[in-house]
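What follows is a single structure, written as structure tokens, with notes after it.
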Amino acid sequence: MRASLLLGTIAGGWAAPVLAQQAAAPAPAAAAQPATGPATPSPAPAPVQQPQQRVIRSIAVQGAQRLEADTVRSYAGLSPGQTYDSETLDTAIKALYDTELFADAQIQGADTGNIVVVVRENPVINRIVLEGNKRIKDDKILPEIRLAPRQIFTRSKARSDVERIIELYKRQGRFAARVEPKVVTLDQNRVDLVFEISEGDKSKVRAINIIGNNQFADGRLRKEMYTRESGGFLGFLKSNDSYDPDRLAADQQKLRAFYLTQGYADFRVVSALAELTPDRRDFVITYVVEEGKRYKFGDITAESELRDFKPEVIVALAGMKKGDWFNAKAVEDSVTRMNEAAGLLGYAFTEIDPNYDRNADTQTMNIAFRVGETPRTYVDRINVSGNTGTRDKVIRREFRVNEGDAFNSIKVKRSQDRIQSLGYFQEKLEIKQEQVAPDRVALNVEVEEKPTGQLQLSAGYSSLERFIIAASVEQNNFRGMGQSLSAGVNYSRYSKSVQLGFTEPYLFDKQILLGGQVYRRDFNSFNFIGNERNRTYSQGQTGGGFSLGFPVNEYVNFGTRYTLNFDKISLDKTQFYSDLDGSGPGGLVCDPGKAGQYLCDEIGKRTTSLVGYSLVFDNTNGIRASRGQRMSFSQDFAGLGGDVKYIRSRAEGVKYWGLGRGFILSARAEGGYVHPLQEAKRAGLDPIRISDRFFTPQLRGFDIRGIGPRIRRTSFNVDATALEEKGQITDALGGRAYYMGRLELELPLGAGARNLGLRPSAFIDVGSLFKLRQPNLVNFPGTCFYVPTKEGVTAPAAQVLANGQTAANCAAAPTDTALSFSPGYREEFLGNSAKPRLAIGIGVNWTSPFGPLRIDLAKALLKQDGDDTKLFQFNVGTAF
């Protein structure tokens, strides 16, 4: 009995968990019931509801317009005879939505087995319209939109396109841009998709904060960055004050590069955070930096595996001294110098590695330069590509190295500059080096040609010439052979010209320049009567000449020329001629009283036969030079035939310094002298004709022809006072000598102003024009005239007074006559002084949309009696 009870107890213990699992009841609770008393029976567990399986009897499709019913059924994955349950139908609906063809999908008849699939198709896009975009044009936005006409419209794709448009505006700095897609319903289930764009203003950088900088002020560090804070003077010209994430990363590199030049080798930017302001219009950028210790240069050593590139030479090229503050830029520059020096020795691919040894305890940086073994390199071949109109030889002849020559990096760079200076190709041209063997290199230059012909009709206005009209045609790469052909005509109030020229830079494929030109020029001089300009003499010049030039070395060129001119100087007979001898109209001669003896002496025809030469040194780095110098000396000898004889000498020099940060300083000096080789025809006449004299320099702060020798004629009233209105005439006569000096500092502006073509500068001009023989002056005294007041009365002869006498000195008028007085005039010779004229000022060159514009505001500080000053000057032209 005891054994039976024990077996029953064990069996009950095994059965309890099984019953608990079947009933899904907690087993411990059942086991925890006390054994005393009768057991309470538990309720029977409810059976689990299994999905009801049915069979699809039929499938119908409703709402499909473009799609066939079978296509909809295939997308749903349902077919007659298939068993289904609720999960099967849910999967079918999800599959229909995944096709993105339907705006709505439902399944009906699930309880009967006669399934009806009800769909509403997504519409087809008829067209895509952009509204509100002004800053970014349609042709920039439409490529970013993936939806297109005749595609199925879905809201998810429209949202993706909105995000892409907003991203495009963010790249333009417009983080406040908003885009709202709208759908215009059309017939046949078509829609127009309209993107309404609110561009917003550009998101500016309101402030740049720097935390952790102890050695340099915030303002000093901001100057090193590409990004600028918005606002300030001329803030509207800035283009780098908008937020740009890419520029933010570049600014961190700029900060690090600056600190490395100041000796802080451990500097790092801990974090850079850009936050939108609460109004979501601008950004505030915050940098957290860690400056670290400042290091000095320690030992500078070198080792070289090149036999002819000695370590002592390498150390000398480094240019760094122990004890100087560490400068990473100086190390980079020294490596560049070493590579250039190795290139001169024929090593094209020299490996020069500066090894840094930092000692934090002594705060020194030891530099060890290691030059690896490199074979001497030779030019294997020169490959030219991309030139469709320019012949190969035009490019190849500018190379300073030939195939088979030892490689020379300086000559390769010079070759690149010479090809670039031709002006036939794109600006960023590069000669690439390709190593084809351990000791061979190929030089590859791929050019992109640009138009070299110009057909231009221009008009403009200047403060001197008034309206200007010019037409010209020029081909700088005629026949693809580098030849120049030009023709032009110019017309203005004071000058007219027409010219035709041709230049062959490589005669017979030799580096010999041959050019020629013919021209006709007409110039009308002017004087001042009060504040008005008036024409005086006219000069017509017909001539031509040719030039010949060749290089002396890489930077020095020599040229010679010959010119033959036929000149004629004349005066308006109706204005300056009189019948002085009373012989009638046929006896009109130049009246010194109207024109001045100095102009009457210049009338006539002359033939000038001129031969000259020029010597030019130029190692500047382009048209808008920022470094280098250009010097020239030229002389012209007149007297190889012709009517005039003289020697004209001129010298000019200019030097450029790039001061960094966009500042460019230039210093210019020039001067000239004309030495006569014949005597004047008579006293009071200069041996150099007015058309052969200098009228330069043009000093800002003074008017055109505003300095130098001149005649001032002053008319007097009856009381011997000068007439105020049109009582003074000034004629500029030019001089035989001049000098000029100019110091100019080009000021940098932001990228926006540079893109507009603005280049401001501050300058100091000094110079003088002088050395002219004083002409014969005419001083005309006043005259008393007696006019009869009654018929038959005879008036006495006119009474000519002594110079300076007034009407008070006239004799009393006889009876029945009236007295009248004709005022006289006095001529003065002024301005013939070598004393300097000095002016300071500011100016700006602007490459405007309507042509080049130069504006100068200058104040003359030193001047001479008779000089004509001018505070404001401008010159502008346009092309159309």
Side-chain angles (χ1 to χ4, degrees), residues 257 260-261 265 297-322 324 326-358 365-384 395-396 398-421 428-446 553-555 619-622 626-628 658:
L260 287 177
T261 63
F297 280 116
D299 295 328
I300 310 298
T301 60
E303 57 178 293
S304 174
E305 297 184 15
L306 300 180
R307 184 177 55 185
D308 48 355
F309 200 28
K310 302 297 182 182
E312 55 270 19
V313 175
I314 297 173
V315 173
L317 288 171
M320 297 172 293
K321 296 180 180 179
K322 184 176 181 179
D324 291 346
F326 171 72
N327 187 331
K329 180 65 167 55
V331 178
E332 293 178 4
D333 293 342
S334 65
V335 172
T336 301
R337 289 193 297 270
M338 295 173 192
N339 274 307
E340 291 176 351
L344 288 174
L345 298 174
Y347 300 101
F349 304 100
T350 310
E351 295 182 3
I352 302 176
D353 298 320
N355 297 318
Y356 299 89
D357 180 17
R358 181 182 315 178
M365 184 77 71
N366 300 322
I367 310 292
F369 294 95
R370 184 184 182 280
V371 181
E373 184 177 0
T374 305
R376 194 182 298 274
T377 310
Y378 297 87
V379 178
D380 183 71
R381 59 183 180 270
I382 297 173
N383 301 318
V384 178
I395 302 173
R396 290 180 179 274
E398 300 300 329
F399 274 87
R400 303 294 95 181
V401 291
N402 297 316
E403 295 170 343
D405 289 352
F407 177 83
N408 187 308
S409 59
I410 300 299
K411 291 184 177 180
V412 172
K413 180 62 171 66
R414 179 60 179 169
S415 302
Q416 180 176 305
D417 292 342
R418 288 182 65 90
I419 296 173
Q420 187 74 71
S421 65
K428 295 183 179 179
L429 182 145
E430 181 181 0
I431 297 178
K432 298 181 179 180
Q433 305 164 21
E434 178 186 359
Q435 189 168 6
V436 296
D439 62 343
R440 298 286 174 179
V441 62
L443 301 180
N444 302 319
V445 54
E446 183 177 357
N553 59 35
E554 189 60 37
Y555 301 103
N619 67 350
T620 55
N621 62 338
S626 60
R627 58 176 171 79

Problem - Distance-minimising heavy-atom pair for K411 and V401 - result: CB-CG1, 3.6 Å

Exercise for the section: Please report the shortest heavy-atom distance between P311 and S304, naming the atom on each side. Expected result: CG-N, 4.3 Å

Handout entry: Of Q433, E434, K432, the residue whose pairing with N444 passes side chain to side chain donor-acceptor pair (under 3.5 Å)
Key = E434

Exercise for the section: Evaluate whether atom CD of Q435 has more than 12 neighbouring non-hydrogen atoms of other residues, nucleotides or ligands under 6.0 angstrom away. Expected result: yes

Exercise for the section: Write down the atom of A265, the atom of L260, and the distance for their closest heavy-atom approach. Expected result: CA-CD2, 3.7 Å

Practice task
Begin from the C-alpha positions of D380 and E403 and carry the test side chain to side chain contact (heavy atoms under 4.5 Å, CB included) through to its verdict.
Solution key: CA-CA 6 Å; D380 183 71; E403 295 170 343; over 6 Å; no

Practice task
Look only at the side chain of N366 and the backbone of D299, and say whether a donor-acceptor pair between them is shorter than 3.5 Å.
Solution key: yes

Exercise for the section: Using a strict 4.0 Å threshold on nitrogen-to-oxygen distance, state whether E398 and R414 make a salt bridge. Expected result: no

Exercise for the section: Would you sort out whether F399 and I419 count as a side chain to side chain contact (heavy atoms under 4.5 Å, CB included), showing the intermediate values? Expected result: CA-CA 8 Å; F399 274 87; I419 296 173; 3.7 Å; yes

Handout entry: Lys/Arg N to Asp/Glu carboxylate O, E340 vs K413, below 4.0 Å
Key = no

Fill in the blank from the handout: Looking only at heavy atoms, the pair that brings I314 and M338 closest together is O-CE, 3.4 Å

Practice task
Answer yes when K329 and D333 have at least one side-chain N-carboxylate O distance shorter than 4.0 Å, and no when they do not.
Solution key: yes

Problem - Within 6.0 angstrom of E351 CD, more than 12 heavy atoms from elsewhere - result: no

Problem - R376 charged N/C atom sitting above Y347 aromatic ring, 6.0 Å / 45° - result: yes

Handout entry: K321 versus F297, closest heavy-atom pair with distance
Key = O-CB, 3.5 Å

Completion exercise
In short, G628 meets T620 closest at the heavy-atom pair C-CG2, 3.9 Å

